[in-house]
Protein chains: 2
Amino acid sequence: MKKRLSISDIANNLGVSVTTVSFILNGKAKEKRISDALTKRVQDYVKKVDYKPNQLAKSLRTGKSKSIGLLVEDISNPFFANIADHIEKMAYDNGYHIIYCSMNNDEQRAKELIQLFRDRQIDGFVIAPTEGLSEVINSLIKQAVPVVLFDRPLADVETHTVLSENMNGAYVGTMYLLEQKKAKRIGFVTTTSTQSQMKGRLEGYMKAIDKVGMDLLVKKINPSLTDDDIAQQLQSFIADNKLDAVLFATNYLAVDGLKAIKKYQIAINNLVSFDENTAFALVEPPVSAISQNIKEIASEVVRILLSQINGKSTQIEQVVIPCDLIER
Amino acid sequence: MKKRLSISDIANNLGVSVTTVSFILNGKAKEKRISDALTKRVQDYVKKVDYKPNQLAKSLRTGKSKSIGLLVEDISNPFFANIADHIEKMAYDNGYHIIYCSMNNDEQRAKELIQLFRDRQIDGFVIAPTEGLSEVINSLIKQAVPVVLFDRPLADVETHTVLSENMNGAYVGTMYLLEQKKAKRIGFVTTTSTQSQMKGRLEGYMKAIDKVGMDLLVKKINPSLTDDDIAQQLQSFIADNKLDAVLFATNYLAVDGLKAIKKYQIAINNLVSFDENTAFALVEPPVSAISQNIKEIASEVVRILLSQINGKSTQIEQVVIPCDLIER
DNA sequence: CTGAAAGCGCTAACAC
DNA sequence: GTGTTAGCGCTTTCAG
């Protein structure tokens with residue numbers, strides 16, 4: 001790799017000191033009252049030789065790396081992929097870049113990753129946490145590392161969070177099945193995992209069902225089962241309980257549901273899912289969606305994190321973003 | 001942020017020199033013939049105080065950052081999301097981590113990003129290139145920065161590539177429609193963009209069609225049109241040409257096709273797409289897929305890149321990975 | 001076997 | 001207005 005120019009090369013070649021060059025490069029020319037002529041000469045030369053400062057050295061010196069760690073469960077989940085995309089864009093617009101990782105349900109690995117990111121002098125973290133992460137996240141917070149959690153809070157972690165209105169979203173989705181679709185037996189499909197966003201969604205469902213005094217019909221799916229077993233369980237759930245409508249707690253559960261419906265040729269018309277998925281508009285019957293406002297979630301996450309990094313805000317911000325019901 | 005321990009803190013607290021600590025930490029204790037007792041004492045202490053070396057300083061000194069830049073067009077495309085996931089995993093297993101970015105069709109931004117990554121002393125690049133990037137990628141190569149291209153080559157860039165067998169995949173997919181589905185009028189839907197993987201797929205289609213002497217029926221969709229316009233065009237394409245089968249050049253075009261089919265209630269049974277998409281197994285009629293071997297692509301990409309970074313191989317590797325036909 | 005010290009490229013207090 | 005210089009935390013040569 002051809003040796004890159006350093007700031008002292010620039011200074012030497014121009015016959016000025018590195019300080020001068022550094023000041024000019026960092027926009028402090030005016031402040032340090034460096035002559036316009038010199039400023040221009042340095043800038044022109046820098047452009048001409050296409051000099052780029054070594055960010056590593058800069059970071060080492062300033063303690064800021066201008067990078068943000070993004071940790072999600074699974075980047076191939078369209079919800080996370082879209083969020084990641086937006087966060088990346090907004091961070092970039094603010095001069096930050098993203099280092100991302102999927103945790104893939106591996107708690108040990110997640111912890112290592114967080115540590116690793118710390119060692120790279122990451123300026124802040126954006127995390128959709130899994131349950132075992134409380135301790136390591138708390139230790140970040142104790143060390144005053146900026147952290148923003150999204151999608152789900154962590155019971156024993158007090159920090160900035162950006163969440164969707166899970167309870168209300170599920171409530172609205174259930175009411176839609178009740179009132180528009182005139183459903184009489186509405187099932188709710190969630191996971192066995194106890195992530196708090198799932199709890200909120202269950203509550204929303206229960207609140208709506210309780211309001212009209214219907215039966216609560218809830219199925220918890222263990223995500224580690226095989227596709228076939230899951231399909232089998234869903235088919236029984238729908239058939240045994242004579243459901244005429246189902247609310248799914250998240251997009252991949254709805255996809256599982258659609259697989260079961262197809263495989264067992266189940267006749268059911270009223271389907272609603274939390275989150276979007278390309279398949280929802282395409283299948284017959286289509287799946288309505290309680291759509292999280294991904295753009296706004298991303299923008300709040302970045303806003304809060306940056307204000308943390310820049311030491312602007314001290315109080316803990318907990319933002320809740322409403323969902324939209326997409327009727328299909 | 002509580003001040004972190006540095007190597008000299010460790011050395012001072014232990015009454016040894018930083019050199020000794022550094023050697024031990026880097027596994028050179030034996031080589032440098034440092035006593036087992038001392039080695040153990042240092043290691044125990046390091047563990048006790050949970051000391052972690054500052055990677056930035058390490059990188060600055062060694063010139064290696066142990067990180068890889070991954071540039072794709074759009075991380076919310078499931079094909080790229082899955083590839084990213086695998087690449088990230090394999091890189092991590094080798095002690096590397098990923099800095100990723102979506103380029104979102106913004107050539108200017110892509111160039112900036114590549115430059116930015118360079119400034120961060122990235123050890124290597126993995127890129128699914130867009131057309132305008134030849135120049136900047138060539139300049140990376142000239143500077144001996146390891147680069148691996150995947151998904152599509154760039155005509156005027158000579159470097160390592162990992163590609164799918166596009167031509168043969170499309171050929172097999174078309175033959176499937178011909179022989180198994182007895183289709184008589186098979187259309188091919190691709191994009192107006194001239195990415196080379198699309199060319200290969202078109203060739204595969206043509207080769208199969210020519211073989212049986214049927215008419216070539218090709219529609220190029222301009223991706224910047226609105227969803228409605230695209231649906232409209234696809235509906236005309238299918239109706240005007242009385243198609244009984246369609247081969248889509250990529251998963252999002254097939255999704256567009258499914259939208260059109262649904263919107264206009266088009267009766268067509270024989271659909272095949274390049275790439276997978278969750279929707280394909282769920283819709284009626286289902287969409288068969290020419291599935292790229294994502295895991296193998298990722299593993300080849302990482303293997304080649306690492307061997308470049310470690311200076312092991314000199315010759316240019318161009319790997320082609322076969323596709324699987326998933327019949328539905 | 002171990003230590004002193006140079007230096008990776010940059011920033012910024014301090015001096016002139 | 002501009003230059004000198006001390007580090008940021010680490011690796012590694014060279015001397016003992």
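Keep in mind the model is a prediction, meaning the values are calculated, not measured. Lettering of chains follows the sequences in order, A, B, ..., and the numbering in each one begins at 1.
To the nearest angstrom, C1' of C/dC8 lies 15 Å from CD of A/Q55. For the pair A/Q121 CD and D/dC8 C1', the computed distance is 10 Å after rounding to whole Å. Atom pair A/N54:CG and C/dC8:P shows a separation of 12 Å (rounding to whole Å applied). Across the protein-nucleic acid pair, B/I34 atom CD1 and D/dG16 atom P stand 19 Å apart, rounded to whole Å. A straight line from NZ of A/K32 to C1' of C/dA15 spans 13 Å, rounded to a whole angstrom. Put simply, CG on B/D9 is 9 Å from P on D/dC10, counting in whole angstrom units. To the nearest angstrom, P of C/dC8 lies 21 Å from CZ of B/R120. Rounded to whole Å, atom P of C/dC1 lies 15 Å from atom CZ of B/R41.
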Just list the side-chain donor-acceptor pairs under 3.5 Å for residues 48-55 of chain A, sequence neighbours left out, or say none.
{"unit_1": "A/N54", "atom_1": "OD1", "unit_2": "A/L56", "atom_2": "N", "d": "2.7"}
{"unit_1": "A/N54", "atom_1": "OD1", "unit_2": "A/A57", "atom_2": "N", "d": "3.1"}

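Within residues 42-49 of chain A, no residue approaches DNA chain C, by heavy-atom distance under 4.0 Å. Listed in residue order, the members of residues 17-27 of chain A having a heavy atom less than 4.0 Å from DNA chain D are A/S17, A/V18, A/T19, A/T20.
Residues passing the side chain to side chain contact (heavy atoms under 4.5 Å, CB included) test with B/N13, sequence neighbours excluded: B/Y45. Every residue two or more places apart in sequence or in another chain was checked for a side chain to side chain contact (heavy atoms under 4.5 Å, CB included) with B/E135, and none qualifies. The salt bridge (charged side-chain N to carboxylate O under 4.0 Å, His left out) test applied to B/E158 returns no partner, not counting sequence neighbours. Remark: A/T62 engages A/K64 in a side chain to side chain contact (heavy atoms under 4.5 Å, CB included) (not counting sequence neighbours). Partners of B/R109 under the salt bridge (charged side-chain N to carboxylate O under 4.0 Å, His left out) rule, at least two apart in sequence or in another chain, are A/E88. For B/A298, the side chain to side chain contact (heavy atoms under 4.5 Å, CB included) test picks out B/H86, B/I87, B/M90, with sequence neighbours left out.
With C/dC10, D/dG1, D/dT2 as the candidates, the nucleotide lying closest to the side chain of A/P53 is C/dC10. Among the nucleotides C/dT11, D/dG3, D/dC10, the one closest to the side chain of A/I7 is C/dT11. Here the nucleotide nearest the side chain of B/Y51, chosen from D/dT2, C/dC10, D/dC10, is D/dC10.
Under the ring-ring contact (aromatic ring centres under 6.0 Å, His included) criterion, the residue pairs touching residues 97-139 of chain A are A/Y100-B/Y100, with sequence neighbours excluded. Residue pairs satisfying the salt bridge (charged side-chain N to carboxylate O under 4.0 Å, His left out) criterion with at least one member in residues 13-33 of chain B, sequence neighbours excluded, are listed as follows: B/K30-B/D36.
Counting distance only, with no hydrogens placed and no angle test, the side-chain atoms of B/R61 and the base atoms of D/dG9 include no donor-acceptor pair under 3.5 Å.
Between B/K58 and D/dG9 there is no side-chain N or O to OP1 or OP2 distance below 4.0 Å.
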After noting the C-alpha distance and the side-chain angles of B/S17 and B/T20, does the key distance pass the side-chain hydrogen bond (donor to acceptor under 3.5 Å, both in side chains) rule?
CA-CA 5 Å; B/S17 84; B/T20 309; 3.1 Å; yes
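Comparing the local axis fitted to the first five base pairs of the helix from C/dC1-D/dG16 to C/dC16-D/dG1 with the one fitted to its last five gives a bend of 50°, rounded to 10°.
Contact check on A/D44 versus A/K40 returns a salt bridge, with a Lys/Arg side-chain nitrogen under 4.0 Å from an Asp/Glu carboxylate oxygen.
Under the 3.5 Å distance criterion, the side-chain polar atoms of B/N138 are matched with a main-chain donor or acceptor of B/D156.
Where B/L60 and A/K28 each meet DNA chain C at their nearest nucleotide, the meeting point lying more 5' is that of B/L60.
Within the nucleic acid shown, A/L38 comes within 4.0 Å of sugar-phosphate atoms alone, with no base atom in reach, counting heavy atoms only.
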